[in-house]
Amino acid sequence: MPRPVALLLLVLPGLRALEPLSVGLAIGIASALTGYLSSNPRFYCNYVECCPSAGHRLNATALKERLDARLFGQHLAKDVVLKAVMGFSNNPCPKKPLTLSLHGWAGTGKNFLSQILAEHVHPAGLRSKFVHLFLATLHFPHQDRVKQYKEQLQSWIRGNVSACPHSVFIFDEMDKMHPGLMDAIKPFLDYYEEVDGVSYRKAIFIFLSNAGGDLINKAALDFWTSGKSREEIQLKDLEPMLSVGVFNNKNSGLWHSSLIDRNLIDYFVPFLPLEHKHVKMCVRAEMRARGYAVNEQVVQAVADEMTFFPKEQKIYSDKGCKTVQAKLDIHEDVAMNNMKAKG
């Protein structure tokens, strides 16, 4: 069906109930709209999700505000990702796709950051037809089918970038990815102007992994032991160690990968372990998201139910903020009663 006709059917649902003659007239009207739609794509995109135009730029201020408001204890990740993404967005002719590898223990904010970033490229976020989330255990479960997965993955990426150059691809559970599988996407991440007539330079690839989390945690603890603030930790303190550790880790999904060997991953982004104060920030943010007034007694109660490491010092949450929502459910009655009392 021609796009103008499809649009008219979308805008005027009752059209389907018209007599054949009326439908023919409507189709003629719709065809007459072709020129208008061609010169006014915004009208069409009010009703159907469109790929961003070539000159599309991300809103740096809005992205920073969202990260500041919802991502806690990750000064490094926020700074690196914000600068990398904005530099990439503002470059009219990048030499390769933006490729980020996010590392750290569960609950530190890797998924959250990738979702925020996706929403700022495509407002529908993970619901967008231009954002693609792959889970290792769901989409690539069988070791004996790696060759098939490689072919399917290449075909999927090629087709979707052909449809939208600004496509976003998120690969979660990288530490459970079969060795060698990710090498299949190496041609799309390399410094090629085009591959088989398709340019991948405007796409974004994000890898999420728990691999390297132990190295990051040890470095953070060393800073704490030496009396330094976690905010003093810089990317140069962690990135070289992280890239080598992931390359040599058979359970990283990037073990001996050509993506690292050819320097195709732009940034290895460390997510630091979260302290008590960061867990409390997560609880407060979740309470506000649910429409509750912040009750510090509830905040403290939820934080007290979390477990921390090392065993002696108990500095860092071993699950980050991952279980905050579930633990807040237990205290929901108190939070709601507090909100009603203040109301």
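Source: prediction; values computed, not measured. Heavy-atom basis, side chains included; hydrogens, waters and symmetry copies ignored.
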Distance, nearest 0.5 Å, that separates CE of Met174 from CH2 of Trp255 = 14.5 Å
According to the interplanar angle, ranging from 0 to 90°, do the rings of [X] and [Y] count as parallel (below 30°), tilted (30 to 60°) or perpendicular (above 60°)?
X      : Y      : value
His122 : Phe130 : tilted
His56  : His166 : perpendicular
Phe188 : Tyr200 : tilted
Tyr316 : Phe309 : tilted

Scan the side chains in residues 212-222 for donor-acceptor partners under 3.5 Å anywhere in the protein, sequence neighbours excluded, and list what turns up.
| residue | atom | partner | partner atom | Å |
| --- | --- | --- | --- | --- |
| Asp214 | OD1 | Trp105 | NE1 | 3.1 |
| Asn217 | ND2 | Gly213 | O | 3.4 |
| Lys218 | NZ | Asp222 | OD2 | 3.1 |

[X] versus [Y]: any side-chain heavy-atom pair under 4.5 Å?
X      : Y      : result
Phe308 : Pro273 : no
Leu272 : Leu238 : yes
Lys64  : Lys78  : no
Val246 : His103 : yes
Asn251 : Pro179 : no
Pro94  : Lys202 : yes
Val299 : Asn295 : no
Pro52  : Cys164 : yes

Regarding [X] and [Y], do their side chains bring together a donor and an acceptor under 3.5 Å, going by distance alone?
X      : Y      : answer
Asn160 : Ser167 : no
Gln143 : His178 : yes
Asp175 : Ser252 : no
Glu194 : Ser199 : no

If you draw the axis of the six-membered ring of Phe223, does the NZ or CZ of Lys228 fall within 45° of it and under 6.0 Å from the ring centre?
->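 That pair qualifies as a cation-pi contact.
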Near [X] [atom1], under 6.0 Å, is it more than 12 heavy atoms from other residues, nucleotides or ligands?
X      : atom1 : answer
Lys186 : NZ    : yes
Glu231 : CD    : yes
Arg127 : CZ    : no

Answer yes or no: is there a donor N or O on one side and an acceptor on the other, between the side chain of [X] and the main chain of [Y], under 3.5 Å?
X      : Y      : result
Glu286 : Val324 : no
Glu49  : Lys129 : yes
Gln154 : Glu151 : no
Asp79  : His75  : no
Asn91  : Cys93  : yes
Asn249 : Gly245 : no
Asp237 : Gln234 : yes
Lys110 : Phe271 : no
Ser162 : Arg158 : yes
Arg70  : Cys282 : no

With Gln300, which of His276, Glu305, Lys280 fulfils side chain to side chain donor-acceptor pair (under 3.5 Å)?
-> Lys280
Hydrophobic cluster membership, [X] vs [Y], 4.5 Å side-chain cutoff:
X      : Y      : result
Trp224 : Met306 : no
Phe72  : Val302 : no
Phe171 : Ile116 : yes

Assess whether salt bridge (charged side-chain N to carboxylate O under 4.0 Å, His left out) is satisfied between Asp183 and Lys150, documenting all intermediate values.
-> CA-CA 8 Å; Asp183 284 346; Lys150 285 184 176 182; over 6 Å; no
Could you tell me whether Phe247 and His256 have their ring centroids closer than 6.0 angstrom?
-> yes
Would Phe169 and His132 count as a close aromatic pair, with their ring centres under 6.0 Å?
-> yes
So Lys95 and Glu193, salt bridge (charged side-chain N to carboxylate O under 4.0 Å, His left out) or not? Walk me through it.
-> CA-CA 7 Å; Lys95 299 299 182 185; Glu193 187 169 341; over 6 Å; no
What do the steps show when you test Asp190 against Lys96 for salt bridge (charged side-chain N to carboxylate O under 4.0 Å, His left out), and what is the final call?
-> CA-CA 6 Å; Asp190 216 327; Lys96 64 180 292 297; over 6 Å; no
What residues form a side-chain contact (heavy atoms from CB on, under 4.5 Å) with Ile265, not counting sequence neighbours?
-> Thr99, Ser101, Phe207, Leu254, Leu259, Ile260, Phe268
